[in-house]
Amino acid sequence: MTVTNSAQVLTINAGSSSIKFALYALDPEPKIAFDGTIDDIGGAHSRFTVHGSTSDQVDRLFPIPERVTAVNVLVDWLLTRLQPDSLAAISHRVVFGSADYGSTRRVDSFLLSDLYDAVTSDPEHLPLEIHLIEVLQQHFPLASHFACFDSHFHARMAPVASMLAIPRRYIDAGVKRLGFHGLSCAYLMRALTIADANQAQGKVIIAHLGGGASITAIENGVSQDTSMGLTPASGMMMGERTGDIDPGLAWHLARTDGMTAATFNHMVNYESGLIGVSGSSADVRVLLARENHDKHAREAIDLFCYQGRKTICAMAGAIDGMQTLIFTGGIGEHSAAIRTRICAGLSHLGITLDAASNSGGAAIISRAGAAVTVRVMHTDEQWMLADQARVALAEQASSHAQVFAPEN
C-alpha cells in the first residue's frame with residue numbers, strides 16, 4: 001500500500017545498533033499507521049520488522065553488516081510505501097543536544113554543522129542519526145525535517161546537578177552532564193498528568209530500565225537530576241554499558257593491557273554491563289532463567305538490581321524523597337522479578353509492593369496505603385517524536401501566516 005496523505009509524520013529513532021521508525025497520521029493528535037525496527041545492526045542475525053496493515057507486515061532475518069547498509073534497507077522499503085510528497089514532516093530523535101536548541105528544531109545547514117562538531121561527544125549515536133537525516137532529506141525534500149533532542153527534558157537541571165568536577169576551562173567551554181531518555185520522560189509525565197495530575201506535580205522518580213538504563217528525579221514536572229551524564233554510558237549498569245566506573249580504570253588498563261582510548265570506549269559501551277559480568281547475555285530474561293545454575297548470570301542480575309536500587313536512593317536524595325516511582329522500558333515494564341528485587345531494599349523510602357499486582361501486570365503495583373505509589377507504565381518515544389513535530393508544524397504554519405498577513 002502506497003501512502004499519499006500529506007498530513008503525516010514519519011518518526012526516526014536511531015540507537016547505537018538499531019533503528020526504530022513509525023508513520024503517524026495527524027488527526028489531530030498522532031495516530032499510528034505502521035511502526036518497525038531494524039535490530040542488531042552489525043550482527044549475523046539482524047532483524048527487519050514492520051507492524052501495521054497486512055500489506056505493511058515485514059519480518060526478515062538477515063545479516064546487516066553496518067549502519068550504512070541498515071539505512072539503505074530502511075529507505076528502500078520506505079520508498080515502496082511513501083511518495084516523495086507524502087509527508088508533512090520527518091521527526092528525528094537526536095540523542096545529543098544543547099539547551100540552546102530547545103526541544104525541537106528544524107534541520108538546517110547550521111544545525112547539521114553543530115551536530116558534526118558534537119560527534120566526539122556521542123560517537124555511538126550521532127553518526128547514524130546525522131546520516132539518516134541527510135539521506136532522508138535527499139529522498140523527501142518537501143517534508144519539514146525536525147530534530148527532537150533527547151537531552152532537552154533535562155535542560156532545566158540546576159548547575160549543581162549538571163556540573164562536572166573538572167577543570168574550569170572545560171566547564172566554561174560547556175562540558176557538563178546532559179542526561180538522556182528525555183523523550184521517554186516527557187511522554188511518561190504527560191501520561192501521568194492524564195492519570196493523576198496531582199502525582200505529576202509532586203516528587204516523581206522514573207526508572208527507565210532497558211538496554212539503556214537511567215533513573216530520573218522530577219519535581220513539579222521538571223527534571224532535577226538524572227543518572228546519565230555527558231554520555232549515555234554513565235549512570236547505573238546497563239545491558240552492554242558499564243555505567244559509572246572509576247575513571248582511573250582507563251589509565252590502569254592502558255598500562256596493564258595496552259588498551260587504547262578507542263578500545264576502552266568500545267569496551268565501556270558494548271562489552272560491559274550485563275553481558276560483561278555474565279559473560280553470556282545482555283538479556284535479563286535469559287539471565288533470570290540461568291541464574292540458579294550459572295553463578296555469573298546471578299551476579300549480573302544481582303549487580304543490576306543493586307545499582308538500580310542505589311541509584312533510586314540517590315535520586316530520592318536529590319528531591320528530598322518521592323511520592324511516585326515509575327518503572328518503564330523493556331525491563332522495567334515487563335520484568336516483575338527485577339521490580340521485586342529492586343524494591344525489596346527501598347522500604348525505608350515508603351515503597352512496598354503488592355506481590356499479586358506486581359506479578360499480574362497491574363498499572364499500580366504498590367500496596368494500598370503505601371507512602372509511595374509505584375506504577376508500571378509503557379513509554380512511547382515514537383509518539384512523542386510525532387507530537388513534537390505536530391507542534392513544530394503548527395508553529396511553522398503560524399509563523400508563515402504572520403509573515404504573509406496583509407497589512408491593515
Side-chain angles (χ1 to χ4, degrees), residues 153-154 156-158 161 179-210 212-228 235-236 284 301 304-381 383-384 387:
F153 184 81
H154 308 293
R156 293 165 65 185
M157 289 193 305
F180 301 93
H181 285 150
L183 288 166
S184 173
C185 289
Y187 179 87
L188 291 166
M189 291 307 296
R190 179 185 184 277
L192 182 59
T193 299
I194 294 170
D196 190 321
N198 288 331
Q199 283 189 12
Q201 288 302 309
K203 299 174 186 289
V204 179
I205 290 181
I206 295 175
H208 184 125
L209 308 179
S214 70
I215 314 290
T216 298
I218 300 166
E219 188 170 14
N220 297 322
V222 177
S223 175
Q224 304 297 322
D225 203 348
T226 189
S227 57
M228 286 180 172
M236 67 171 285
V284 160
I301 291 293
F304 182 83
C305 293
Y306 172 76
Q307 289 198 2
R309 181 164 61 248
K310 188 169 70 169
T311 308
I312 289 172
C313 289
M315 290 299 113
I319 55 175
D320 192 20
M322 72 175 105
Q323 295 158 318
T324 307
L325 172 62
I326 297 172
F327 282 101
T328 193
I331 299 170
E333 184 181 350
H334 299 294
S335 180
I338 296 297
R339 296 193 298 263
T340 296
R341 295 189 193 190
I342 288 176
C343 291
L346 297 176
S347 58
H348 65 291
L349 292 175
I351 292 174
T352 52
L353 296 189
D354 180 84
S357 298
N358 185 39
S359 62
I364 296 177
I365 60 173
S366 47
R367 287 184 186 172
V372 174
T373 301
V374 183
R375 293 178 174 269
V376 179
M377 299 178 71
H378 174 70
T379 192
D380 194 341
E381 293 174 329
W383 188 93
M384 204 69 207
D387 194 56

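Residues take their numbers from the sequence shown, with the count starting at 1. The figures here come from the full heavy-atom set of this structure, side chains too, leaving out hydrogens, waters and symmetry mates.
Between the CD atom in Gln201 and the CG atom in Leu192 there is a gap of 9.5 Å [rounded to 0.5 Å]. Residue Ser227 holds its OG atom at 10.0 Å from CD of Gln307, rounded to the nearest 0.5 Å. For the atom pair OH of Tyr187 and CE of Met377, the computed distance is 8.0 Å after rounding to the nearest 0.5 Å. Distance CG/Leu209 to OG/Ser214: 8.0 Å, rounded to 0.5 Å. Note: Met384 CE to Leu188 CG = 10.0 Å, rounded to the nearest 0.5 Å. We find the CD1-CZ distance between Ile351 and Arg367 to be 13.0 Å, quoted to the nearest 0.5 Å.
Between Thr379 and Ser184, the closest heavy-atom pair is OG1-OG, 2.8 Å. Nearest heavy-atom pair across Gly202 and Gln323 is CA-OE1, 3.1 Å.
Taking 4.5 Å as the limit, every side-chain heavy atom of Ile338 sits out of range of all side-chain heavy atoms of Phe327. Under the 4.5 Å side-chain criterion, counting only non-hydrogen atoms from C-beta, Gln224 is in contact with Val222. In this structure, the side chains of Met189 and Ile206 come closer than 4.5 Å at one or more pairs of heavy atoms.
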query: Where do Thr226 and Met157 land on the side chain to side chain contact (heavy atoms under 4.5 Å, CB included) test, with the steps shown first?
result: CA-CA 9 Å; Thr226 189; Met157 289 193 305; 4.2 Å; yes
field: Residues Thr328, His378; criterion side chain to side chain contact (heavy atoms under 4.5 Å, CB included); working and verdict
entry: CA-CA 6 Å; Thr328 193; His378 174 70; 5.8 Å; no
query: Would Ile365 and Asp354 count as a side chain to side chain contact (heavy atoms under 4.5 Å, CB included) if you check the C-alpha gap in whole Å, the side-chain angles of each, and the deciding distance to 0.1 Å?
result: CA-CA 6 Å; Ile365 60 173; Asp354 180 84; 5.9 Å; no
task: Would you check, one step at a time, whether the test side chain to side chain contact (heavy atoms under 4.5 Å, CB included) holds for Phe180 with Cys185?
output: CA-CA 9 Å; Phe180 301 93; Cys185 289; over 6 Å; no
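Between the side chain of Arg309 and the backbone N or O of Cys343 there is no donor-acceptor pair closer than 3.5 Å. Asp196 places a side-chain N or O within 3.5 Å of a backbone atom of Asn198 that can act as its donor or acceptor partner.
Screening Ile218, Ile319, Leu349, Ile326 for a side chain to side chain contact (heavy atoms under 4.5 Å, CB included) with Ile205, the sole residue that qualifies is Ile319. Here the rule is side chain to side chain contact (heavy atoms under 4.5 Å, CB included) with Ile364, and of Val376, Thr324, Thr373 only Thr373 fits it.
Side-chain contact, Thr340 with Asn358: a donor N or O sits under 3.5 Å from an acceptor N or O.
Taking the six-membered ring where the residue is Trp, His208 and His181 present parallel rings, their angle staying beneath 30° rather than reaching 60°.
The side chain to side chain donor-acceptor pair (under 3.5 Å) search around Ser335 returns none, not counting sequence neighbours. Listed by chain and number, the residues in a salt bridge (Lys or Arg N to Asp or Glu O under 4.0 Å) with Arg341 are Glu291, Asp302 (sequence neighbours excluded). The salt bridge (Lys or Arg N to Asp or Glu O under 4.0 Å) search around Glu219 returns Lys203, not counting sequence neighbours. For Ser359, there are no side chain to side chain donor-acceptor pair (under 3.5 Å) partners at least two apart in sequence or on another chain. Partners of Arg156 under the salt bridge (Lys or Arg N to Asp or Glu O under 4.0 Å) rule, at least two apart in sequence or in another chain, do not exist in this structure.
The stretch residues 183-193 participates, sequence neighbours left out, in these salt bridge (Lys or Arg N to Asp or Glu O under 4.0 Å) pairs: Glu29-Arg190.
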